[in-house]
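Take a look at the structure below.
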Amino acid sequence: LFLTTQVHTFTRLQVCGIGDLHGDSMTESMNVNLQQNVLSLLLFSEQHAKLVRSTLPLDCWSQDPSILALVSSAYQYIDTHKQPPAAHTLDLISTLPVSDSQKQILGELAEALDGRAQDPQFNLEYVMNELNSFYQRTNISGAIQRGAECIARGRIDEAKQVLLQASKLQVEQVRPAKNLFSGLLDVVMRGEVVDLTKCVPLGIGALDKRHIAPFKQELFMFLAPTGKGKSWFLIHCGKKALIQGWNVLHLSLEMSLEALEFRYGQSLFGLAKDYDPGRMRTTLQQLDFGKAVASPNYVASDPASMNKFLDRVVAQQDMLKRLRYERFPTQSLTVPALVAYLDTLEMQDGFVPDMVIIDYAKLMKLDKNNTRISLGLTVEELRGLSQERNFALVTAAQTNKEGAKTNSVDATHIGEDWSQVQTSDVVLSYTSTDTESLHKLARIGAVKVRNCEDNFEILITQDYNTGQFCLNSVELSKEWKFK
């Protein structure tokens, strides 16, 4: 009986000149049954009216003037009163700029839809799935047109982003804001100030105890002079994330893929290019600079050793497959291109990174006419992307000339745009004087830490021959100086 009434009502709408409900518009309109269901949610559902209003533009509805007038008026009502018209729907209809006969038919339709969304037999999940399908079709259709326009202008990366993003769009219910009571209960349950499942400890004691680490939805910046360990640190972060079970995407804008592969082999498994028994390595117990022999696990120049290395690689293949890496030419990668690349990985391989490493942001494509402002905006967009996609973003920055000469790198030594420091959640600095470098020592400075204390230094021992950015570490006192 209900369906018969609906068909009769919509037939009368057509007979009275209100028009074909499918209509002609620039975008696809909903079919009759879906439109009835969604209109019921818009007019009467406390839970879903705002969602429908914020998701569907007017041209997604039937282009019949009467229906559009009702929907437009309902949108205005929701914007003003923050709730559906519900019991005021008939009053709303009485004010529409349509004929009396059309108002009567719309009133009958509203009465038929009243309470439908609250009916126990109303299949809300099915309706939302159907709305999602319609929403995706509409967005993809529009994206094809916009993508073609981008291609015509030579903006290929933007076209890819438009198409890939449209294919992922769906109607999502907004998650309610969290209240402090439930938040503090979560703190009690975690037993920690921070959620440690969202970060990767770096194995550097003074940092780990303060929970200074790459966190999801945060930007972790490493500041160092040219040729002083930026890539090694980024690989160290990738290694720690892999060991913790995260998916890692490492994007190089300068280092070759072959060099990157070998360095990960060094960092993960202690692989060395060669073996020199006379090579010196300093331990923290040997600050009188006594010599120690660095003993690699595997040596690339030794075929027998490499056979053992192969066995180790095969045994760890599940972990290794969680690292994806690619090289982009310097000054070629844009943020839209990165978004398109992330979408492609997800669509083709189902790969969603927990950590994205960019070596390094300054080498992305920037506006040559305004490099500093362009770099600052790019870093802001990258941080926003990490929040949108829920991954930890790790990158590096190069110091200026003064930073290359100083005995202690700090935030003022960052090259190009200072706003990189302001945007970052954590900035660590790297200093290694000629004497320190000779003895495989370096200092890590906590330049900026958004959520805890900073302004301290850590002494670390290193062995790049076996790919180890940090072997041991100790926090330094304010008065400590390297002799």
Side-chain angles (χ1 to χ4, degrees), residues 24-28 55 57 59-60 134-170 219 221 231 234 249-260 324-353 356-391 393-398 415-417 419-420 423:
D24 292 323
S25 65
M26 294 183 65
T27 61
E28 178 186 358
T55 300
D59 57 5
C60 287
F134 165 78
Y135 187 62
Q136 289 174 331
R137 283 198 311 274
T138 302
N139 277 286
I140 291 174
S141 297
I144 290 174
Q145 181 178 353
R146 295 193 301 275
E149 293 172 355
C150 291
I151 292 173
R153 297 189 181 101
R155 289 147 53 184
I156 306 299
D157 288 340
E158 187 174 341
K160 291 179 182 178
Q161 181 184 359
V162 166
L163 292 171
L164 288 169
Q165 283 189 332
S167 68
K168 295 178 63 179
L169 286 175
Q170 61 179 359
L219 171 56
M221 178 82 72
S231 295
L234 298 180
L249 175 63
H250 191 128
L251 302 178
S252 174
L253 305 181
E254 58 176 354
M255 184 182 297
S256 70
L257 294 183
E258 292 78 12
L260 185 63
R324 305 295 176 90
Y325 54 96
E326 186 55 270
R327 181 175 185 264
F328 291 87
T330 300
Q331 291 293 321
S332 67
L333 181 64
T334 63
V335 174
L338 174 58
V339 171
Y341 187 74
L342 291 170
D343 287 334
T344 300
L345 284 177
E346 182 176 357
M347 294 176 66
Q348 292 183 352
D349 301 330
F351 183 85
V352 178
V356 174
I357 299 170
I358 300 178
D359 188 8
Y360 55 102
K362 166 73 166 54
L363 299 181
M364 294 179 67
K365 187 173 184 178
L366 304 174
D367 181 357
K368 295 180 181 179
N369 296 322
N370 211 332
T371 301
R372 290 190 176 184
I373 293 177
S374 180
L375 175 58
L377 292 174
T378 296
V379 170
E380 290 178 6
E381 290 178 2
L382 288 173
R383 184 173 184 268
L385 186 61
S386 75
Q387 295 172 328
E388 177 185 333
R389 302 254 176 164
N390 191 35
F391 59 71
L393 178 61
V394 184
T395 189
Q398 195 159 283
E416 297 297 344
D417 186 30
S419 72
Q420 294 178 86
T423 302

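Within 6.0 Å of atom CD1 in Ile156, more than 12 heavy atoms from other residues, nucleotides or ligands are found, so the atom counts as buried in its surroundings.
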Name each donor-acceptor pair under 3.5 Å that joins a side chain in residues 146-155 to protein atoms two or more places apart or in another chain, with its distance.
from	atom 1	to	atom 2	distance (Å)
Arg155	NE	Glu158	OE1	2.9
Arg155	NH2	Glu158	OE1	2.9
Arg155	NH2	Glu158	OE2	2.9

With a 3.5 Å cut-off and sequence neighbours excluded, list the donor-acceptor pairs that the side chains of residues 330-340 form with protein atoms.
from	atom 1	to	atom 2	distance (Å)
Thr330	OG1	Leu253	O	2.6
Gln331	OE1	Leu366	N	3.2
Gln331	NE2	Lys362	O	3.4
Gln331	NE2	Met364	O	3.1
Ser332	OG	Pro329	O	2.5
Thr334	OG1	Ala337	N	3.1

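For Tyr360, the ring-ring contact (aromatic ring centres under 6.0 Å, His included) test picks out no residue, with sequence neighbours left out. Shown here are the ring-ring contact (aromatic ring centres under 6.0 Å, His included) partners of Tyr325, two or more places apart in sequence or in another chain: there are none. Residues meeting the side chain to side chain donor-acceptor pair (under 3.5 Å) test with Ser386, sequence neighbours left out: none.
Residues Gln420 and Ala397 share a closest heavy-atom pair of OE1-CB, 4.0 Å.
Atom CD1 of Ile373 sits about 9.0 Å away from atom OG of Ser419, to the nearest 0.5 Å. Note that CG of Leu363 is 11.5 Å distant from CE of Met255, once rounded to the nearest 0.5 Å. From His250, atom NE2 reaches atom CZ of Arg327 across 12.0 Å, with rounding to the nearest 0.5 Å. Put simply, CG on Leu342 and CG on Leu385 are 6.0 Å apart, with the number rounded to the nearest 0.5 Å.
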Please test Glu346 against Phe351 for side-chain contact (heavy atoms from CB on, under 4.5 Å), starting from the C-alpha separation and ending with a verdict. CA-CA 5 Å; Glu346 182 176 357; Phe351 183 85; over 6 Å; no

Test Leu257 against Glu326 for side-chain contact (heavy atoms from CB on, under 4.5 Å), laying out the working first. CA-CA 7 Å; Leu257 294 183; Glu326 186 55 270; 3.8 Å; yes

Between Leu249 and Ile357, is the side-chain contact (heavy atoms from CB on, under 4.5 Å) condition met? List the steps. CA-CA 6 Å; Leu249 175 63; Ile357 299 170; over 6 Å; no

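Screening residues 368-385 for side chain to side chain donor-acceptor pair (under 3.5 Å), with sequence neighbours left out, gives Arg383-Asp425.
A donor-acceptor pair is defined here as one N or O able to donate and one able to accept, closer than 3.5 Å; such a pair exists between the side chain of Thr395 and the backbone of Ile358.
Taking 4.5 Å as the limit, some side-chain heavy atom of Leu234 sits within range of a side-chain heavy atom of Val394.
Using a cutoff of 4.0 Å between basic side-chain nitrogens and carboxylate oxygens, Asp343 and Lys160 are not scored as salt-bridged.
In this model, a donor atom of one side chain and an acceptor atom of the other lie less than 3.5 Å apart for Asp359 and Ser231.
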